[in-house]
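Just the heavy atoms: all of them, side chains too, but no hydrogens, waters or symmetry mates, feed the values below. Remember, predicted model here, so these are calculated numbers, not experimental data.
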Amino acid sequence: HPFIEELRQAKKTIRQLSARNAVIDPQKGRHYFTQNPFGTLTGRNSAWGALFAGPKWNRWLLTSSWPADDEQVLVSADIKHQEPAIAAMLSGDPDMIYVTEGSDAHWGLGVQMGLVRPCKNPKNRPERDMFKIVNLAVLYGMSKYGLADSLGVGVEEADRLLKIHRRTFPQYWRWSEDCLDQYTSGFAFTRHGWRAKTEGRINTFKNFAVQGGAADQMRLIVTHLDQQGVCLRAIIHDGFLMTCPRKRLGDLREAFQVALDLATRQFHPTFKCQFDFDVYDWRYADPKGRLMWDHIQSTLTNIYGETING
């Protein structure tokens, strides 16, 4: 519900402002935070103090330049369905590869499992949310009880969905179980060498290969972007925040495609990862944060007679 979401964002805002951990240089207009590379068990970054980690309206504070420059744009490039795609590539499951190379891996999952028919625009279909939960739950090794709770369905229905998934993607399931068998040695490894001690906690490592593989892919992409001279501002889970002159947007898109393709070939020789490429005119106008941003702007106007610059 919109009101509940607004309330949640307001509570996150209060916690963030109380902590005072958003470091912004008032002279240069730069936001500083620690990227904390390799900060998690799987080797993913664990950024601290970043505006991206706070309420969604925080993203509206981010700009491509300071002061404003109409020729500079802010670009967000996000890998679509990264975790299911990594699972497909690592397992080599042909049906999972087919699904994750498509335009919508969550709806494609439902189609492949025989639960729905192909659809040109499935984004607003209620079943898609269910398929997304199933898609990710399987990667985490979620039980039928956990899946039932997440979906709000009975245990029998959750068990049915898991059994259909296992029948549809048998090669993935064999690979996933083989990974757990290998972790009994005391260590878990990603394909590119990231290592973590299992210390007998095998069940907590069910998603290690996928999350660790995603972290490997992100690091490879950063390397290839840097080699092409791309101005990379931040890494956000499965996405990248970049800036460039407006007239070079085509070059940036091509550079990102090259970096993504080169990194992906380290996992699978022919797989084509999909990505979203969103361009923002100066300010990072994330639609998910607009409601709170507008509310804050209105409040500042009522109190001080002005809004946040820009």
Side-chain angles (χ1 to χ4, degrees), residues 34-48 50 52-53 76-94 96-97 99-101 105 135-136 138-141 169 171-183 185-199 201-202 204-228 230 232-242 255-277:
T34 175
Q35 193 72 61
N36 197 14
F38 311 107
T40 67
L41 185 70
T42 59
R44 276 197 184 274
N45 293 343
S46 179
W48 185 87
F52 265 92
S76 174
D78 297 303
I79 303 173
K80 295 180 68 174
H81 321 302
Q82 186 192 27
E83 292 162 20
I86 291 290
M89 288 188 282
L90 291 177
S91 68
D93 189 300
M96 186 172 280
I97 288 174
V99 167
T100 52
E101 279 192 311
N135 223 349
L136 299 177
V138 167
L139 303 183
Y140 282 92
F169 308 105
Q171 188 165 324
Y172 162 77
W173 282 87
R174 287 193 297 270
W175 167 81
S176 180
E177 290 161 0
D178 287 344
C179 285
L180 288 180
D181 290 340
Q182 293 170 13
Y183 299 160
S185 64
F187 288 94
F189 296 86
T190 68
R191 178 175 290 185
H192 292 84
W194 179 256
R195 184 175 79 163
K197 286 185 177 181
T198 58
E199 298 176 335
R201 302 169 297 158
I202 302 300
T204 65
F205 280 79
K206 287 182 176 178
N207 197 36
F208 178 84
V210 172
Q211 288 290 346
D216 287 339
Q217 185 188 38
M218 297 294 285
R219 287 191 289 273
L220 289 166
I221 292 172
V222 169
T223 299
H224 295 306
L225 288 175
D226 183 66
Q227 290 172 343
Q228 297 178 86
V230 170
L232 179 61
R233 296 300 188 186
I235 305 165
I236 310 100
H237 192 63
D238 57 2
F240 303 84
L241 192 64
M242 302 166 286
F256 187 80
Q257 181 73 71
V258 168
L260 179 60
D261 289 346
L262 288 173
T264 303
R265 283 178 202 158
Q266 299 295 314
F267 295 86
H268 192 278
T270 60
F271 192 94
K272 295 292 292 184
C273 272
Q274 307 292 322
F275 67 94
D276 292 320
F277 193 83

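Checking Leu241, Asp78, Asn45 one by one against Ile236, the side-chain contact (heavy atoms from CB on, under 4.5 Å) holds for a single residue, Leu241.
In the model, Asp261 has a side-chain atom that pairs as donor or acceptor with a side-chain atom of Gln257 under 3.5 Å. Side-chain atoms of Gln211 and Glu83 include a donor-acceptor pair closer than 3.5 Å.
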Task: Worked check of side chain to side chain contact (heavy atoms under 4.5 Å, CB included) between Phe271 and Ile86 - done: CA-CA 10 Å; Phe271 192 94; Ile86 291 290; over 6 Å; no
- [ ] Quick one: do His192 and Leu220 satisfy side chain to side chain contact (heavy atoms under 4.5 Å, CB included)? Show the steps, please.
- [x] CA-CA 10 Å; His192 292 84; Leu220 289 166; 4.0 Å; yes
TODO: Start with the C-alpha gap between Tyr172 and Leu90, add the side-chain angles, then the distance that decides, and say whether side chain to side chain contact (heavy atoms under 4.5 Å, CB included) holds.
DONE: CA-CA 9 Å; Tyr172 162 77; Leu90 291 177; over 6 Å; no
TODO: Might you work through the side chain to side chain contact (heavy atoms under 4.5 Å, CB included) test for Phe240 and Val222, ending with a clear yes or no?
DONE: CA-CA 9 Å; Phe240 303 84; Val222 169; 3.8 Å; yes
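Between the side chain of Arg191 and the backbone N or O of Phe267, at least one donor-acceptor pair lies under 3.5 Å. Here the side chain of His81 pairs a donor or acceptor atom with the backbone of Ala105 at under 3.5 angstrom. Judged purely by atom type and a 3.5 angstrom limit, Thr100 uses its side chain to pair as donor or acceptor with the backbone of Met96. A donor-acceptor distance shorter than 3.5 angstrom exists from the side chain of Gln228 to the backbone of Ala255, with no hydrogens or angles considered.
Lys206 and Gly141 make their closest contact through NZ-O, 3.6 Å (heavy atoms, listed as atom of the first residue, atom of the second, distance). In plain terms, the two heavy atoms of Leu139 and Ala87 that are nearest each other are CD2-CB, 3.6 Å. Contact record, Glu101 with Thr270: OE2-O, 3.8 Å, taken as the closest heavy-atom pair. Ile97 approaches His268 most closely through the heavy-atom pair CD1-NE2, 3.6 Å. A pairwise comparison of heavy atoms in Gln82 and Ala214 identifies NE2-O, 3.3 Å as the closest pair.
Between Trp194 and Phe38, the two ring planes are parallel [angle under 30°; tilted spans 30° to 60°].
Every residue two or more places apart in sequence or in another chain was checked for a ring-ring contact (aromatic ring centres under 6.0 Å, His included) with His237, and none qualifies. Scanning for side chain to side chain donor-acceptor pair (under 3.5 Å) contacts around Trp173 gives His165, with sequence neighbours left out.
In this structure, OG1 on Thr42 lies 9.5 Å from CZ on Phe205, to the nearest 0.5 angstrom. Summarising the geometry, atom CG belonging to Asp276 is positioned 8.5 Å from atom OG belonging to Ser76; distances are rounded to the nearest 0.5 Å. Between Gln274 atom CD and Leu260 atom CG the span is 9.0 Å, to the nearest 0.5 Å. Interatomic distance, Thr198 OG1 to Leu180 CG, rounded to the nearest 0.5 Å: 10.5 Å. The distance from the CD1 atom of Ile221 to the CG atom of Asp226 is 13.5 Å, given to the nearest 0.5 Å. Taking CZ of Arg219 as the reference point, atom NE2 of His224 lies at 13.0 Å (rounded to 0.5 Å).
A centroid separation of less than 6.0 Å is found between the aromatic rings of Phe256 and Phe275.
In this structure the side chain of Ile79 reaches within 4.5 angstrom of the side chain of Gln217, judged on heavy atoms.
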